[in-house]
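To keep things clear, I will list the structure first and then write my remarks on it.
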Amino acid sequence: MHSRKLLSSTSKFHQIHLIFKNPFLGTHKFSTQSTPPHSLPEDPQILTTQLIISYCKKGLLKEARKLFDEMLERDVVSWTAMISGYTSCYRYNQAWMVFCVMKREGIEPNEFTISSVLKACREMECCYCGAMVHGLAIKYGMDGCMYVENALMDMYATCSHSMDDACMVFERIQEKNAVTWTTMIARYTDRGDGLAGLRVFQRMLQEEVELSTFSCSIAIRSCASIRSHTFGKQIHAAVVKHGFNSNLPVGNSLVDMYCKCSCLSEAYEHFHEMPERDLITWNTMIAGFERSGSHWSLHLFSQMGSQGLNPNCFTFSSVVAACANLAALNCGQQVHGGIIRRGLETNMALANALIDMYAKCGNVNDSFRIFTKMPRRDLISWTSMMNGYGSHGYGREAIGLFDKMVDSGIKPDQIVFMGVLSACSHAGLVDEGLKHFNSMVVDYSVKPNQEIYGCVVDLLGRAGRVKEAYELIEKMPFQPDETVWGALLGACKAHGISYLGRLAAQKILDLRPNGAETYVILSNIYASDGKWGEFAKMRKLMRGMASKKEAGRSWIEVRNHVYSFVVDDKMGCAQIELVYRGLEMLVQHMKEAGYVPDSDCLLYDMEDGT
DNA sequence: CTAGGGTTAG
């Protein structure tokens, strides 16, 4: 811990001299004026405290701390200024340490100190520290102060394992203000319980608390988190009624809510009608389009540039993902250039997105180049690289990365195991895959979910070990879902095992009776078994269903332009004839190499008997 | 000198 330095000159004039040398109080002003402005306090202790605050506001913590250490007498205000200075610059440990020294020196904290230090506890997610401060607050009789109560509630809501402690504080608050309500709604939403957040919002309305832009934007985020278009629209109506429409946070959260509820046209409509848009508005809309309309996302990105807005790492992470979805390598490389030009390539989230983008564009070597150059890697970096290797069939490399990741001290999660197992599955590394599956629970205490079981069923099934796959399904600790049965069905189809195939298809149809492709596979199994009566039944059921299946679309980027195709496409690009000629050549090559076309899943050709 | 709101990655 630091020691308090004593100045050689102990006069108050020395401290005032220090202050006049300081740039933030404007030395030039004082030197030209004969008397300082009246607003400046004459007490050097107060002056120094204000100087500390100015330094902290500029992020000059070292300078602030030096001044603080050199102070001859420090009252509770100076201590609190130093503590809140550290918290406002995200140095929560330092804030906490200053608080501890303060207590040791026998300075009694006030409600300002307590609420500042509670913020530090909250950010450190240290419920233990927070509870200790709670005790002090009670001891000094500050637990009736609004600021302390709200800060306590927020601390428990953020750090405690459940919302129970926060609720206890909340219910005891006699006069709840706007901050009390909004904090509660926001914390429920942060924990993924948007519905509970909305219930608090509803109670707030019942108690006739006036709506504000704050409460509206938070409540809209709650709607977004539970994808409730219904509630979202209702709050939107209230927003219009209160004239909050022109408020940016409210407008931005509305755009996000409509996007998350998959109402992209409504989102865009609102985006379009907003009187003012900032970077966050554009980022939200671009991110919203990324998932289900990547080309719109890229279009919006270029529009944003022509509006004179400078993209940040949030913008780029969506745009890189959009390029990955489209497998648009050229575009992705240009975006990568833009990232480097802005010095954002050190951003971990962006590097992760680039790894994924290059892998999905087929350049897994570029992915690895980015991966190796990263100074620090998180779980997502490793997962992205593993998935990149896995999707290119490099199972051994993916396993190697997994081991290195564990060695570097990062704990794998379910998604990492998904990556390792699917890499093993694609590379035919059955025993390695099973080994990792078994060590999941034993060595890493990660519980396998449906998807992971589906992956192991796929792993066994691809290798022809269909019976083992079925046994695994029977041993599953929960009811197998569509993905699991789908994996088994795929294996049965590939290895011509009709008995288990019929069973799997039936299970899928029980879960999702309108799955046209399942009927196709099932009818083909009946056909191959010569059960023509059943086959006819299936075909009858399928009639009228085929139209419900959406056409699969493929696309390719050539010279900065994305061309997309559907089966029997006649509308495509001008060189469509050339494309078909190329395709015929390829099919000829494949047939010469011994390829037999698989028509099991051709839905449209069924009626011709092909 | 103190408290509350909006956007991103597998």
Side-chain angles (χ1 to χ4, degrees), chain A residues 46 49-50 52-54 56-57 75-85 87-88 109-119 122 142 145-155 157 177-187 189 212-222 224 244 247-257 259-260 278-288 290 311-321 324 347-357 359-360 378-388 390-391 413-416 418-419:
Chain A
I46 296 176
T49 304
Q50 293 201 345
I52 288 171
I53 296 159
S54 324
C56 290
K57 272 189 189 150
D75 63 0
V76 60
V77 180
S78 334
W79 284 95
T80 307
M82 200 61 239
I83 293 168
S84 71
T87 47
S88 61
N110 64 12
E111 57 269 41
F112 293 96
T113 325
I114 297 297
S115 57
S116 298
V117 84
L118 279 171
K119 185 185 173 186
R122 186 191 74 199
M142 293 168 197
C145 164
M146 202 69 254
Y147 283 102
V148 172
E149 286 177 312
N150 284 338
L152 266 174
M153 192 187 75
D154 198 1
M155 182 278 297
N177 67 6
V179 179
T180 319
W181 292 102
T182 52
T183 303
M184 219 43 190
I185 303 168
R187 294 300 163 254
T189 310
S212 69
T213 53
F214 290 103
S215 54
C216 284
S217 58
I218 299 168
I220 294 163
R221 179 160 68 98
S222 309
F244 296 153
N247 176 273
L248 270 173
V250 170
N252 291 342
S253 60
L254 278 169
V255 173
D256 185 49
M257 183 272 294
C259 288
K260 295 246 164 81
D278 64 0
L279 185 57
I280 295 173
T281 321
W282 284 89
N283 286 350
T284 310
M285 199 64 242
I286 290 171
E290 181 265 307
N312 66 4
C313 50
F314 290 102
T315 328
F316 278 118
S317 84
S318 302
V319 172
V320 171
N347 180 291
M348 188 146 45
L350 278 184
N352 296 347
L354 285 168
I355 290 172
D356 185 55
M357 186 273 290
K360 286 192 176 142
D378 66 0
L379 184 67
I380 299 162
S381 322
W382 291 94
T383 315
S384 307
M385 196 61 237
M386 266 181 245
N387 284 341
S391 61
D413 68 352
Q414 285 185 334
I415 301 164
V416 172
M418 263 308 288

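Looking at the side chain of A:I380, the nearest of the listed nucleotides B:dG10, B:dC1, B:dG6 is B:dG10. Comparing B:dG10, B:dG5, B:dT8 by their closest approach to the side chain of A:F314 singles out B:dT8. When each of B:dT8, B:dA9, B:dC1 is scored by its nearest atom to the side-chain atoms of A:A287, the top-ranked nucleotide is B:dT8. Comparing B:dG6, B:dT8, B:dG5 against the side chain of A:S317 picks out B:dT8 as the nearest. With B:dG4, B:dG6, B:dG10 as the choices, the nucleotide that has an atom nearest any side-chain atom of A:N387 turns out to be B:dG10. The side chain of A:D356 approaches B:dG10 more closely than any other nucleotide in the set B:dG6, B:dG10, B:dC1. Checking B:dG10, B:dT2, B:dT8 against the side-chain heavy atoms of A:D256 singles out B:dT8 as nearest. Among the nucleotides B:dG10, B:dG6, B:dG4, the one closest to the side chain of A:T183 is B:dG4. Distances from the side chain of A:A349 to the nucleotides B:dA9, B:dT2, B:dG5 place B:dA9 closest. Among the nucleotides B:dG4, B:dG6, B:dC1, the one closest to the side chain of A:K119 is B:dG4.
Atoms CD1 (A:I83) and C1' (B:dA3) sit 16 Å apart, rounded to a whole Å. A:W282 places its CH2 atom 18 Å from the C1' atom of B:dT8, with the value rounded to the nearest Å. The interatomic distance linking A:D75 (CG) with B:dT2 (C1') rounds to 15 Å, in whole Å. As rounded to whole Å, 9 Å separates atom C1' of B:dG4 from atom CE of A:M153. Rounded to an integer number of Å, the gap from A:D154 CG to B:dT2 C1' is 14 Å. A:N347 places its CG atom 14 Å from the C1' atom of B:dT7, with the value rounded to the nearest Å. Going from atom OH of A:Y147 over to atom C1' of B:dC1 covers 12 Å, rounded to whole Å. A straight line from CE of A:M155 to P of B:dG4 spans 14 Å, rounded to a whole angstrom.
For A:R187, no side-chain nitrogen or oxygen approaches OP1 or OP2 of B:dA3 to under 4.0 Å. Not one side-chain nitrogen or oxygen of A:K260 sits closer than 4.0 Å to the OP1 or OP2 atom of B:dG6.
Contacts of A:I220 with the nucleic acid, taken as non-hydrogen atoms under 4.0 Å apart, are absent. A:T315 comes within 4.0 angstrom of nothing in the nucleic acid, heavy atoms only. Using a 4.0 Å heavy-atom cutoff across all strands shown, A:I218 reaches sugar-phosphate atoms only and no base atom. Among the protein residues, A:S384 comes within range of the sugar-phosphate backbone only, with heavy atoms under 4.0 Å from sugar or phosphate atoms but none that close to a base. Among the heavy atoms of the strands lying under 4.0 Å from A:A178 is at least one base atom, whether or not backbone atoms are also near. Among the atoms of the strands shown, base atoms are found under 4.0 Å from some heavy atom of A:T383. A:D413 comes within 4.0 angstrom of a nucleotide base, judged by non-hydrogen atoms across all strands.
One finds the OG atom of A:S217 at 7.0 Å from the CG atom of A:N247 (value rounded to the nearest 0.5 Å). Annotation: the span from A:T383 atom OG1 to A:N352 atom CG amounts to 8.5 Å, rounded to 0.5 Å. The CE atom of A:M285 sits 11.0 Å away from the OG1 atom of A:T281 when rounded to the nearest 0.5 Å.
The ring of A:F112 lies on top of the base of B:dC1, close enough and flat enough: under 5.5 Å between centres, under 30° between planes.
Between A:T113 and A:V76 the shortest side-chain heavy-atom distance falls below 4.5 Å. The shortest side-chain heavy-atom distance between A:E149 and A:T180 does not fall under the 4.5 Å cut-off.
Between A:D154 and A:R187, at least one side-chain N (NZ, or NE/NH1/NH2) sits under 4.0 Å from a carboxylate O, which counts as a salt bridge.
Judged by atom type and distance alone, A:N247 reaches the base of B:dG5 through a side-chain donor-acceptor pair under 3.5 Å. For A:D278 against B:dG6, a side-chain N or O and a base N or O form a donor-acceptor pair under 3.5 Å.
Side-chain atoms of A:N252 and A:N283 form no donor-acceptor pair, as typed in the model, at a separation below 3.5 Å.
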